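Contents: one structure, followed by commentary.
As the structure is a computational prediction, the values presented were derived from the model and not from experiment.
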Amino acid sequence: MNDFKDQNPKVSIGIPTYNRLGSLKRTLNSISNQTYQNLEIIISDNASTDGTQKICQKFCEADKRIKYILQPYNRGANANFMEVLRSGR
């Protein structure tokens with residue numbers, strides 16, 4: 001008998017980012033290819049200027065497990081990281 005009450009727990013993956021378009025695309029491709037469905041991917045974009053917003057919106061349209069947060073201005077790395085933590089369900 002298994003002691004786990006929830007056999008399908010939600011897994012949250014937080015991605016704070018700023019101007020990392022190339023590595024972010026690779027990361028999102030990798031995560032999106034996971035077969036585990038009870039997954040949420042939270043991206044907090046610290047007001048990137050390199051096309052990050054467009055790519056994130058494209059991934060959000062393709063995968064409903066992805067949540068994209070665009071910061072109105074660069075709040076600094078710590079605040080951006082904390083936004084990911086606060087946004088997890």
Side-chain angles (χ1 to χ4, degrees):
M1 179 162 182
N2 197 332
D3 291 335
F4 293 111
K5 290 182 180 179
D6 188 354
Q7 295 297 317
N8 194 23
K10 178 166 274 190
V11 174
S12 299
I13 299 172
I15 306 171
T17 192
Y18 176 72
N19 285 346
R20 299 277 186 225
L21 183 58
S23 60
L24 181 62
K25 285 168 65 174
R26 284 189 305 275
T27 299
L28 290 173
N29 276 321
S30 177
I31 296 170
S32 294
N33 286 327
Q34 300 302 309
T35 58
Y36 191 77
Q37 289 302 305
N38 200 10
L39 178 70
E40 69 176 347
I41 304 155
I42 304 164
I43 307 164
S44 181
D45 178 4
N46 212 8
S48 294
T49 59
D50 66 348
T52 294
Q53 180 178 3
K54 184 176 178 180
I55 291 301
C56 288
Q57 289 171 336
K58 188 175 181 178
F59 272 91
C60 285
E61 290 170 8
D63 190 335
K64 299 304 176 195
R65 298 175 298 174
I66 301 174
K67 177 182 177 183
Y68 176 64
I69 303 163
L70 175 61
Q71 301 303 328
Y73 60 91
N74 189 320
R75 300 171 55 206
N78 189 48
N80 199 38
F81 181 82
M82 294 305 293
E83 182 66 34
V84 169
L85 288 176
R86 275 192 294 275
S87 297
R89 293 180 209 141

Carboxylate-amine/guanidinium proximity below 4.0 Å for Glu61 and Lys58: no
Any idea which heavy atoms bring [X] and [Y] closest together, and the distance?
X     : Y     : value
Ser48 : Thr17 : OG-O, 4.3 Å
Gln34 : Arg65 : O-NH1, 3.5 Å
Phe59 : Ser32 : CD2-OG, 3.9 Å
Leu21 : Gly51 : CD1-O, 3.8 Å
Thr49 : Asn19 : N-OD1, 2.7 Å
Ala79 : Arg75 : CB-O, 3.5 Å

Go through the side-chain N and O atoms of Gln71 and Ser44 and say whether any donor and acceptor fall under 3.5 Å apart. yes
So, Tyr18 and Asp50: side-chain donor and acceptor under 3.5 Å apart, yes or no? no
Knowing that exactly one of Leu24, Leu70, Asn46, Ile43 qualifies, which makes a side-chain contact (heavy atoms from CB on, under 4.5 Å) with Thr52? Leu24
How about [X] and [Y]: do any of their side-chain heavy atoms sit closer than 4.5 Å?
X     : Y     : value
Glu40 : Lys67 : no
Leu28 : Ile15 : yes
Ile66 : Ile31 : no

Side chain Ser23, main chain Arg20, donor-acceptor under 3.5 Å: yes
Between Ile69 and Ile13, is there a shared hydrophobic cluster once you connect ILVMFWY residues whose side-chain heavy atoms come closer than 4.5 Å? no
Apart from Leu85 itself, members of its ILVMFWY cluster (side-chain separation under 4.5 Å) are Phe81, Met82
More than 12 heavy atoms of other groups within 6.0 Å of Tyr73 OH: no
